[in-house]
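Naming: A, B, ... by sequence-line order, numbering from 1 per chain.
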There are 2 protein chains.
Amino acid sequence: MAGAGCEGTSTVTVRTLDHPARADIRLEAVLHALSDPVRLQVVRFLAGLAEGEEAPCSAIDLAVTKSTTTHHFRVLREAGLIHQVYRGTAKMTAIRRADLDALFPGLLDAVLTADAARRSRVPVG
Amino acid sequence: MAGAGCEGTSTVTVRTLDHPARADIRLEAVLHALSDPVRLQVVRFLAGLAEGEEAPCSAIDLAVTKSTTTHHFRVLREAGLIHQVYRGTAKMTAIRRADLDALFPGLLDAVLTADAARRSRVPVG
DNA sequence: GTCAAACTACGATACACATCGAACTACGGC
DNA sequence: GCCGTAGTTCGATGTGTATCGTAGTTTGAC
């Protein structure tokens, strides 16, 4: 059966992922997504990449299982923080910086700056 | 029994409230506190007051019961977003802007700006 | 086709949270 | 002392969430 059992897939087997449009990104959802340490780690990693650069889920060393990782990536995607696309066996992820900066100017930078400052105070987190 | 049954009260009946020190304010807790619409409304109201100005809980018209209001104010206080002090029968609340701006420069303003922008797009929220 | 790698789905679990109503406490005024 | 106002506490409830393990799907390589 084509495309069965795949979250966000249309009838044909193309493996597409649903993303909220820029206008549908909600501030509360973004703040909630950022309030989890695992997800903040993901965002921190992606924000450290070059503009538009992608990374597979496996590139980030998270202290949780793969199924939990899938969960967190979905929360980030549905909140509008990241964009994901299948490329071969990997699922490439990039941060939606342009959308975020347009909707919430300075928010992402403020969070990343605050997070970096805290991490420099408390060496290992 | 002196001071029994009062959250954060010391042995003598003085009704003191515990607040985290500036250094103990955690970014995740702040983001989580801001990710609830009721609490965001409280912060928006307090941020609109003059510098250092206080307001009683009852000054904000929230669409929840008093016990739920108590809950949200406690979340905000324990996250380090607000400072509360008893004054007569009222509990006066002020935003901890200096602490927040020192720890997370630009974060509160970015959230408030984004919230204001969204509220101007969607008139009633 | 077979196999391994990458990721997903599902069910379970344990915990956190937003909400309420009802009963209670603290304070100021009469 | 009595009462009203402001806020708290407690228990309950329904919902959300972070986590896991196991089993499954998809894809590229062989």
Side-chain angles (χ1 to χ4, degrees), chain A residues 1-18 26 28-29 31-42 54-79 82 84-93, chain B residues 1-18 26 28-29 31-42 54-79 82 84-93:
Chain A
M1 36 186 172
C6 187
E7 166 231 346
T9 306
S10 45
T11 29
V12 201
T13 307
V14 184
R15 293 221 289 171
T16 312
L17 291 160
D18 288 337
R26 294 179 314 115
E28 285 92 342
L31 293 173
H32 173 251
L34 291 172
S35 72
D36 181 277
V38 174
R39 291 193 292 261
L40 192 52
Q41 180 183 349
V42 172
E54 300 171 328
C57 302
S58 53
I60 315 176
D61 191 35
L62 301 175
V64 291
T65 64
K66 289 209 290 181
S67 49
T68 303
T69 300
T70 297
H71 161 69
H72 284 306
F73 271 88
R74 175 165 40 182
V75 171
L76 286 170
R77 175 167 46 82
E78 292 180 346
I82 63 174
Q84 295 188 293
V85 59
Y86 285 105
R87 239 192 265 300
T89 92
K91 185 157 87 170
M92 304 303 283
T93 302
Chain B
M1 36 182 173
C6 186
E7 167 230 347
T9 307
S10 46
T11 29
V12 201
T13 307
V14 184
R15 291 223 288 172
T16 312
L17 291 160
D18 288 337
R26 293 179 314 114
E28 284 93 341
L31 294 174
H32 173 250
L34 291 172
S35 72
D36 181 277
V38 174
R39 292 193 290 262
L40 193 52
Q41 181 183 349
V42 171
E54 299 171 328
C57 302
S58 53
I60 314 176
D61 191 35
L62 300 176
V64 291
T65 63
K66 289 206 293 181
S67 50
T68 303
T69 300
T70 298
H71 162 68
H72 284 305
F73 272 89
R74 176 167 38 182
V75 171
L76 286 170
R77 175 166 47 81
E78 292 180 346
I82 62 175
Q84 296 188 291
V85 60
Y86 284 105
R87 239 190 265 301
T89 90
K91 184 157 89 170
M92 305 303 284
T93 303

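Residues satisfying the side-chain contact (heavy atoms from CB on, under 4.5 Å) criterion with B/Pro56, sequence neighbours excluded, are B/Ser58, B/Ala59, B/Ala90, B/Met92. The side-chain contact (heavy atoms from CB on, under 4.5 Å) search around A/Gln84 returns A/Leu17, A/His19, A/Cys57, A/Phe73, A/Arg77, A/Ile82, A/Lys91, A/Thr93, not counting sequence neighbours. Under the side-chain contact (heavy atoms from CB on, under 4.5 Å) criterion, A/Val75 pairs with A/Ala33, A/Arg39, A/His71, not counting sequence neighbours. The side-chain contact (heavy atoms from CB on, under 4.5 Å) check on A/Thr89 picks up nothing, with sequence neighbours excluded.
Residue-level contact check: B/His71 touches the bases, meaning some heavy atom is under 4.0 Å from a base atom.
Distance, B/Lys66 NZ to D/dG7 P: 7 Å, rounded to whole Å. Taking atom CZ on A/Arg74 and atom C1' on D/dG16, their separation rounds to 13 Å, with Å as the unit. The CD-P distance, from A/Glu28 to D/dT17, rounds to 13 Å in whole Å. As a whole-Å value, the separation of B/Met92 CE from D/dT5 P is 19 Å. Going from atom CZ of A/Phe73 over to atom P of D/dT19 covers 13 Å, rounded to whole Å. Across the protein-nucleic acid pair, A/Tyr86 atom OH and C/dA6 atom C1' stand 10 Å apart, rounded to whole Å. Following rounding to the nearest Å, B/Asp36 (CG) and D/dT15 (P) show an atom-to-atom distance of 17 Å. In this entry the distance linking CD of A/Gln41 with P of D/dA18 reads 15 Å, nearest Å.
Residue B/Thr65 has its side chain nearest to C/dG21 when only D/dC20, C/dA18, C/dG21 are considered.
Taking all atoms of both residues into account, the shortest heavy-atom contact from B/Leu31 to A/Leu34 is CD1-O, 3.5 Å.
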Short heteroatom pairs, N/O only, protein and nucleotides 28-30 of chain C, under 3.5 Å:
none

Residue pair A/Val42, A/His72: steps toward the side chain to side chain contact (heavy atoms under 4.5 Å, CB included) verdict
CA-CA 9 Å; A/Val42 172; A/His72 284 306; 5.7 Å; no

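Of the two residues near DNA chain D, A/Val75 and B/Gln84, the one whose nearest nucleotide lies more 5' is B/Gln84. Both B/Ser67 and A/His32 lie close to DNA chain D; mapped to their nearest nucleotides by heavy-atom distance, the more 5′-ward contact belongs to B/Ser67.
Distance check, rounded to the nearest 0.5 Å: OG of B/Ser35 to CZ of A/Arg26 gives 10.0 Å.
Interface residues of residues 55-63 of chain A facing DNA chain C, ordered by number: A/Pro56, A/Cys57, A/Ser58; criterion, heavy-atom separation under 4.0 Å.
Phosphate contact (OP1/OP2 of C/dC17, side-chain N/O of B/His72, threshold under 4.0 Å): absent.
Put simply, the side chain of A/Gln41 gets close to the backbone of A/Asp61: a donor and an acceptor are under 3.5 Å apart.
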